[in-house]
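Only this structure's heavy atoms are used, side chains among them; waters, hydrogens and symmetry mates stay out. All residue numbers in this chain count up from 1 along the given sequence. This structure is a prediction, so every number in the text was calculated from the model and none was measured.
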Amino acid sequence: MAGVLTKLSNTVIAGILVLIIVFVVIGATAGGGSFDEAWWRFLFRYLHVLSGVMWIGLLWYFNFVQIPNMPNIPDEQKPAIGKVIAPAALFWFRWGAMATIITGLILAWLSGYLVHALALGFTDPTYAPIGVGMWLGIIMWFNVWFVIWPNQKRALGIVDADPDSKAKSARTAMLFSRTNTLLSIPMLFCMVAQQNGGFVGFGS
């Protein structure tokens, strides 16, 4: 068991194997099933949630743990964060964002509400909550790839930049990361509200 848990790749593979076992057991218990359109919607919903946990989890790690505690870290230890921890976290952060957006758009398309949601419910008010959530997610994804990541590359020295540019980029990345943290709160509400009646009773 130690061999599974001491190496991350082995842990992930084991998790996938347990998932397959659970899938087979529940499928057999529930009388099986078919790989129909409903199953594909379920699959992409699962992948959407899985990648979203990676993305928002790391967003909140940066904002609730790393950034607030950086002033408490001795100067001689800070390079370990900037050169090792932050680049690795940013890799999973940005690709988690990409996977979340792609799986979310595929899920919306498979579910038949992609256009209605992107139209913010103007074509069908039923999909207004998920539409708002999707646009908030798209804005957050844009911030990750086209603002936060380019500025973090300069701030962390991944690309060459003078000291003033590094400092300015670090502040810009922090502010947009905080913006995404702010947006994540209503975004997650809208995502959950669409399926669970979060707006039932409002306006009545």
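- In terms of heavy atoms, Arg45 sits closest to Ser111 at NH2-OG, 4.4 Å.
- Judged purely by atom type and a 3.5 angstrom limit, Ser169 has no side-chain atom pairing as donor or acceptor with the backbone of Gln152.
- Taking a 4.5 Å side-chain heavy-atom cut-off between Ile, Leu, Val, Met, Phe, Trp and Tyr, the cluster of Leu175 extends to Ile67, Met174.
- The two residues Thr123 and Ala119 come nearest to each other via the heavy atoms OG1-CB, 3.9 Å.
- The shortest non-hydrogen separation linking Ser177 to Leu59 is O-CD1, 3.6 Å.
- There is no path of hydrophobic side-chain contacts, each under 4.5 Å, that joins Tyr46 to Val192.
- Between the CZ atom of Phe23 and the CG atom of Leu19 there is a distance of 8.5 Å, given to the nearest 0.5 Å.
- Atom NZ of Lys78 has more than 12 neighbouring heavy atoms from other residues, nucleotides or ligands inside a 6.0 Å radius.
- Of all the heavy atoms in Pro129 and Cys190, the pair that sits closest is O-CB, 3.2 Å.
- Residues Leu182 and Thr179 fail the side-chain proximity criterion, which asks for heavy atoms closer than 4.5 Å.
- Rounding to the nearest 0.5 Å places CG of Leu188 at 10.0 Å from CG of Leu136.
- For the residue pair Thr103 and Ala99, the shortest heavy atom distance occurs at OG1-O, 2.7 Å.
- Without hydrogens or angle criteria, Gln194 side chain to Ala128 main chain gives no donor-acceptor distance under 3.5 Å.
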*Given side-chain contact (heavy atoms from CB on, under 4.5 Å), test His116 with Ile130 step by step and report yes or no.*
CA-CA 9 Å; His116 296 305; Ile130 195 69; over 6 Å; no
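- Using a 30° and 60° split on the angle between ring planes, Trp95 and Phe91 fall in the tilted class, from 30° to 60°.
- Summarising the hydrophobic clusters (Ile, Leu, Val, Met, Phe, Trp, Tyr; side-chain heavy atoms under 4.5 Å, direct or chained), the residues clustered with Val53 are Val49.
- Between Ile148 and Asn180, some side-chain heavy-atom pair lies under the 4.5 Å cut-off.
- Atom CG of residue Asn143 and atom CG of residue Leu183 lie 7.0 Å apart, to the nearest 0.5 angstrom.
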*Yes or no on side-chain contact (heavy atoms from CB on, under 4.5 Å) for Gln66 and Ile81, after CA distance, side-chain angles and deciding distance?*
CA-CA 9 Å; Gln66 182 172 305; Ile81 303 294; 3.9 Å; yes
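- Between Tyr113 and Tyr127, the ring planes are parallel. Angles under 30° get that label, and only those over 60° would be called perpendicular.
- If you take CG on Leu107 and CH2 on Trp40, they are separated by 13.5 Å, rounding to the nearest 0.5 Å.
- The CG atom of Leu110 lies 11.5 Å from the CH2 atom of Trp39; values are rounded to the nearest 0.5 Å.
- In summary, of the residues considered (Trp149, Phe62, Trp141), a ring pair (Phe, Tyr, Trp, His ring centres under 6.0 Å) with Phe93 occurs for Phe62 alone.
- In this structure a side-chain-to-backbone donor-acceptor pair under 3.5 Å is present from Ser184 to Thr181.
- No more than 12 heavy atoms of other residues, nucleotides or ligands sit less than 6.0 Å from atom CZ of Arg171.
- Summarising the local packing, CG of Asn69 is surrounded by more than 12 heavy atoms from other residues, nucleotides or ligands at distances under 6.0 Å.
- Rounding to the nearest 0.5 angstrom, the gap separating the CD1 atom in Ile158 from the CG atom in Leu90 is 7.0 Å.
- Residues Ile56 and Met140 come closest through the heavy atom pair CD1-CE, 3.8 Å.
- Put simply, the side chain of Thr100 gets close to the backbone of Ser51: a donor and an acceptor are under 3.5 Å apart.
- Taking the side chain as every heavy atom from C-beta outward, Trp55 and Val144 approach each other to under 4.5 Å.
- Linking Ile, Leu, Val, Met, Phe, Trp and Tyr residues whenever their side-chain heavy atoms come within less than 4.5 Å places Val65 and Leu58 in a single cluster.
- Looking only at side-chain heavy atoms (C-beta outward), Met191 and Met134 come within less than 4.5 Å of each other.
- Considering only heavy atoms from C-beta on, Trp145 stays 4.5 Å or farther from Ile101 through its side chain.
- The environment of Tyr61 atom OH is dense: over 12 non-hydrogen atoms of other residues, nucleotides or ligands sit within 6.0 angstrom.
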